[in-house]
Amino acid sequence: MSGLHVENLVKRFGAANAIDDVSFSVGPGEFVSLLGPSGCGKTTTLRCIAGFEHPDSGVISVNGDVITNPQAGIFIPPNRRHFGMVFQSYAVWPHMTVLENVGYPLKVAGRFSRTEIEHRVHDKLRIVGLAGYEGRYPTQLSGGQQQRVALARALVMEPKVLLFDEPLSNLDAKLRERMRFELIEIQSGLGIPAVYVTHDQSEAMVMSKRVIVMQAGSIAQQGAPEDIYSAPNSRFVADFIGSSNFIDAEIIGEDENGLWKARAPWGDISCTSLRSYPVGARVVVAVRPERIEVTPSPLAAVNAFKASVKSRFFLGPFLEYFIEAGGQTLRMQRTSAISAGLGDTFAAGIDPVHCQIVGLAETDGATNASY
Amino acid sequence: MTSVEMGKSRASVFSRGRALADPLIYVQFAVIALLCIMILYPAAHIFAASVRDTDGSFSLRWFQEAYTNPRNYWAILNTIVVASGASLVATVAGSFLAWAVVRTNIPGRRLIEMTAIVPFITTPFLGALSWVMLANPTTGLINQAWQMLGASGPLINIYTLSGIIFVEALYEMPFVFLMVAGALRSMDPTLEEAALSSGASLMKTTFTVTLPLALPAILGGAFLVFALAAEQFGVPAVLGAPARIRVLTTSIIETEVSYPPRHGLGAALCITLLIIALGGLWLQRRALGKRSYTTVSGKGARSQRIALGKWRWAICGLCFAYIVLSVVLPVGTLVLSSLRTMWTAEISLDQFTLEHYRYVLFDYPITHRAVLNSLFLAVVGATVTMLLCALISVLSLRTRLPGRRLLDYLAMLPLGFPGVVLAFGLLQAWISPPLVLYGTIWILFIAYATRYLPIGVRSTSSTLMQIHPELEEASLSCGAGWFRTFRNITLPLLKPGLIAGWALLFVAFTRELSASVLLYSPTLEVFSVAVYDLAQAGSFRALSALAVLQILVSVAVLAIVKKVSGVDRTANSDGN
Ligand SMILES: Nc1ncnc2c1ncn2[C@@H]1O[C@H](COP(=O)(O)OP(=O)(O)O)[C@@H](O)[C@H]1O
Ligand SMILES: [Mg+2]
C-alpha cells in the first residue's frame with residue numbers, strides 16, 4: 001500500500017458538496033494532475049490531502065498509514081503530515097531571507113545544526129537554480145524566483161508527498177512553460193507521489209502521465225492524456241480537453257465492422273463508443289476539428305460527406321475553416337490550405353475512430369452545433 | 001485564484017474544530033472568559049448596584065432619585081443639551097469644512113486637511129484648560145486684552161453651557177470631517193455630472209445631489225459626536241464646576257467621591273448615560289448602514305471642483321479660524337503659560353522661566369510619580385493589549401471555531417461603554433473580595449486595556465485581512481505547530497498593524513482621564529489625573545508644563561511610528 005490513496009472523499013460547505021465521493025491513488029514517483037474548471041473542487045481535494053480541510057467522510061492514507069478518516073476519528077494535523085506543499089500565491093514569507101524561508105522546515109524539526117541546515121538549503125537552492133540567493137529577501141526576487149524558493153522549501157523537508165496548487169498560474173507564459181519541465185525533472189528523481197492541481201489542460205497533459213479530470217466535485221474521467229483526448233467519455237470532457245464539434249445523431253444499429261451506426265444531419269456515420277445505447281437513442285457525437293479530412297482516406301471513406309466552405313481564418317500554425325454539412329456548421333483545422341474556395345463544395349470525411357459518442361443528447365433546447 | 005476564492009479560503013487556515021480535541025478551542029475559551037471578566041463582570045456589577053437598596057433588597061429608588069431629584073435630572077438634561085449642541089455645531093462645521101476641502105478650490109486645502117489630526121495633538125480636556133486661561137471671565141487673556149482696550153466686563157465667559165458646547169464641538173468636529181470627506185471622495189462623480197448636464201447649476205447640484213448623497217455620513221458623524229460628547233468628562237469637569245453646571249459624567253464621579261458614596265445612585269446614572277451613548281452609537285450605525293448607495297464606484301475622473309471666485313478667501317479664512325481656535329491658540333497658551341512667571345496680557349522677556357518644568361518633573365512628588373506611572377501603563381499596557389488584540393484577531397478571522405463571532409462581538413463591546421461608566425463598574429467589581437485590585441496599578445491597567453481593545457483589534461484585524469492565509473498554511477505544512485506559526489509567521493507579518501495600534505494605544509493611555517479619575521489611588525496618580533488635580537488647585541502654570549510635555553510625547557510617538565512603519569520592509573506583505 002505504498003503511495004497516496006484517497007477513497008470516497010466527501011467535503012461539504014454548508015449544504016453544498018464541494019467534493020462528492022472522489023477516489024484515486026497516486027503511486028510512488030507518480031505525478032498526477034487534477035484538472036478541471038474553476039470551482040470544481042480541485043483545491044478543496046488538495047487541501048483535504050494536506051490536512052487544511054476536514055472532510056466529512058472518506059479515507060486518506062499514505063504508505064499504508066491512515067491520515068484522515070472522520071468516521072474513525074482519525075485526523076493527523078497538517079504539521080505532522082510531512083507533505084511538501086507549493087501554494088498558488090507562493091506563500092514565501094516576506095520577513096525572512098531565502099535561507100530562512102527554505103531552512104524553516106528544518107529549523108522547526110529541531111534535529112539539525114545550523115551548518116547542516118545551511119548545507120541542505122544550499123543543496124536545494126542549487127537544484128532549483130537559486131544558488132547564491134541565500135541572503136536575499138523575497139521582495140528582491142521576481143515571481144519566478146519566489147516560486148523556486150517555495151519549491152525548495154517544499155523539497156528540503158524530504159516530504160512524503162508533494163502537493164502543488166496551481167503553482168505556475170501567476171507566472172508569465174514563457175516562464176510557465178520552462179518551469180513545467182523543471183518541475184517534472186525535479187520530481188522524477190524523488191520517488192514520491194505528487195499531486196498537481198491546475199485548470200490549464202495543456203499544463204496537465206504535458207506534465208503528467210495520468211490526468212484526473214474533475215467536474216462539479218466528482219471525477220469525470222481519469223487516464224493517460226492521449227486516451228482522454230482521443231476517447232473522452234462525456235461531452236464535458238470532450239469540451240474541456242481540447243475542442244470538439246458536437247453532432248446530434250440517432251443510433252440506428254451496427255455497421256459491418258462492428259461499429260455503431262448513427263444518423264447525423266447529413267447522413268449516416270459510423271462511430272465508436274465507450275458505452276452502449278439502444279437503437280433509436282439520440283446521442284451526441286464528438287469530433288475533433290483536426291480530425292475532419294478533406295480527401296478521405298480509404299477507411300474514412302466510410303464516413304464521407306459533402307460540405308461547403310463558409311469561412312476561413314489563418315491562425316499561424318494552422319488554418320481554421322467553418323464548413324457546413326446537412327445544415328450543421330462544423331469547425332475544421334488543417335495545417336495546409338484546401339483547394340476549395342469560399343462557398344465551394346468539397347468532399348470531407350472523418351475516421352470512425354475519431355467519431356466518439358460521448359453520451360445521450362440533452363432533451364429539448366440542445367442545439368446541434370457548439371464549439 | 002480569484003479574489004472571491006481567496007476570501008473564502010481565508011477563514012480556514014488553522015485546523016478548526018468540529019472536535020473539542022482541537023487545542024485552539026481552549027485558547028479561545030480562555031480569551032472569551034478573560035473578556036467576560038474584563039467587560040461583562042463589571043457591567044453586571046453596575047446593573048446589580050442600580051437595583052439594590054442600601055439594605056441589600058431589590059428597589060428602584062435609585063432610578064426614582066435619578067429622575068425626580070432636580071440635581072440629577074438637571075444633569076441628565078444638561079448632558080442631552082451639551083451632546084446635542086456639540087453635535088449640531090460639529091456637524092455643521094465639519095460637513096462644511098469637508099465640502100470646502102474636497103469639493104472647492106479654496107487655497108490651503110492640504111493644510112486644512114490636517115485638522116483630522118487635531119485630536120491627536122490636544123485632547124478636549126487640555127483644550128478646555130487652555131480655554132480657561134484664554135476666556136476665564138476675570139483672568140482670561142482675551143478678557144484681559146478686551147478690558148485693556150477700555151471695555152468693562154468680560155468679552156466671553158467660558159464657564160457656561162455654551163462654553164462647554166463650544167470646546168467639545170471644537171475637538172469632536174474632526175470625526176465628522178473625516179466621515180463626510182470620505183463619503184464625498186468616494187461618491188460616484190457621474191451622479192453629479194448627470195445633474196449638471198440636466199441644467200442644474202453647481203450650487204444647485206451641491207444642494208440637491210451632493211449633500212443628500214452625503215447625508216448618511218453626515219448623520220453618522222452627528223450621532224457619533226452626540227455619543228462622544230455625552231461621554232465627555234474632562235470638559236464639563238473643568239468648565240462646568242465653577243458655574244455648578246452638572247452633567248451625567250461629573251455627577252457619577254460625584255456620587256463616588258463624596259462621603260458617604262452613593263453607589264446605587266451612581267449606578268442608576270451610569271445606566272442612564274449608557275442608554276444615551278448607546279442610542280447615539282446605534283443611530284450612527286443605522287445611518288451609516290444606508291451609506292452604500294453613495295459609494296457606487298471608484299472609477300471615472302474626479303468631478304470638477306467648484307470655483308468659488310472671491311468667496312474662496314473668505315471660506316479659506318473660516319477654515320483657518322478653526323485651526324487657530326483648536327490648535328494655535330490653545331497650544332500657544334499652554335506653551336506660554338508653562339514658560340512664564342505671571343499670567344497677564346502684557347508680555348516681557350524677563351517673565352520667562354523653565355522653573356515649572358523642573359517643578360512638575362522633579363520637585364513635586366505627585367506629578368513626578370504620575371509621569372512614571374503613566375509611562376509604565378503606556379509602554380507595558382499598550383504592549384500587552386496589542387498582543388491580546390493580535391490573538392483575538394487571529395482567533396476570529398483565521399479559525400472556524402464556533403465561538404469566533406462571540407469573541408469579535410465581545411472585543412467590540414467596550415465601544416459602547418463611556419469611560420466613566422466602565423470605571424464605575426470596574427470599581428464596584430474589584431474593590432471588594434474575592435480579588436481586590438483597587439489600590440493597585442492593575443485596575444488602571446485593566447481599565448485602559450478594556451477601553452481601547454476595539455481600537456487595537458481593528459488595527460490588527462485590518463492588517464491580518466491583508467495577509468494571505470497561505471503564508472500561515474505554508475508554515476503548518478513545514479511542520480510548525482499552531483503556536484509556532486503564530487509566533488514565527490503571524491506576529492512578524494502583523495508588525496505594521498501592531499506598531500500602528502501600539503502607537504494609538506500608547507498615546508491614548510498617556511492621556512486617559514475619565515476612567516482614571518475614579519480608579520487612581522494615592523501614590524498611583526497618572527498623568528491626566530495629575531493635570532486634573534493641578535487644575536482643581538488652580539496651579540495653571542505647573543499644569544501647563546505637564547500638558548505641554550504630554551502633547552510633545554504624543555506628537556513624538558506618532559512621528560516616530562510613522563517613520564518606522566513607513567520603512568518597514570514587511571509593510572507590504574501579501575506574499576507575492
Ligand atoms: N471555505 C469554503 N467555504 C465555502 N465554500 C467553499 C470553501 N472553499 C471552497 N468552497 C466551494 O467549494 C467549491 C470548490 O472550490 P475549490 O476547491 O476552491 O475549487 P477549484 O480549486 O477547483 O477552483 C466551490 O464551489 C467553492 O465555492
Ligand atoms: Mg483552486
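Chain identifiers are assigned alphabetically (A, B, ...) following the order of the sequence lines, protein sequences preceding nucleic acid strands; residue numbering begins at 1 within each chain.
A donor-acceptor pair under 3.5 Å links the side-chain atoms of A:H95 to the main chain of B:N488, judged by distance alone. A donor-acceptor pair under 3.5 Å is absent between the side-chain atoms of B:E470 and the main chain of A:A91, judged by distance alone.
Taken from CZ in A:R153 to OG in B:S475, the straight-line distance is 8.5 Å, to the nearest 0.5 Å. Rounding to the nearest 0.5 Å gives a distance of 11.5 Å between NZ of A:K107 and SG of B:C478. Rounding to the nearest 0.5 Å places CG of B:L476 at 11.0 Å from CZ of A:R80.
Counting heavy atoms from C-beta outward, A:R47 and B:E473 have side chains that approach closer than 4.5 Å. Put simply, the side chain of A:Y104 reaches to within 4.5 Å of the side chain of B:I489, judged on heavy atoms. By the 4.5 Å heavy-atom criterion applied to side chains, B:R484 and A:N79 are not counted as neighbours. Using a 4.5 Å heavy-atom cutoff, the side chains of B:P492 and A:W93 are not in contact.
Applying the salt bridge (Lys or Arg N to Asp or Glu O under 4.0 Å) criterion to A:E182, with sequence neighbours excluded, gives A:R148, A:R178.
Within the 4.5 angstrom heavy-atom criterion, atoms from both the backbone and the side chain of A:F87 approach chain B.
Contact detail for A:P94 and B:L471: the closest heavy-atom pair is CD-CD2, 4.2 Å.
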Counting only pairs under 3.5 Å, give me each side-chain donor-acceptor contact of residues 502-509 of chain B, with atom names and distances, residues two or more places apart or in other chains.
{"unit_1": "B:W502", "atom_1": "NE1", "unit_2": "B:T383", "atom_2": "OG1", "d": "3.0"}

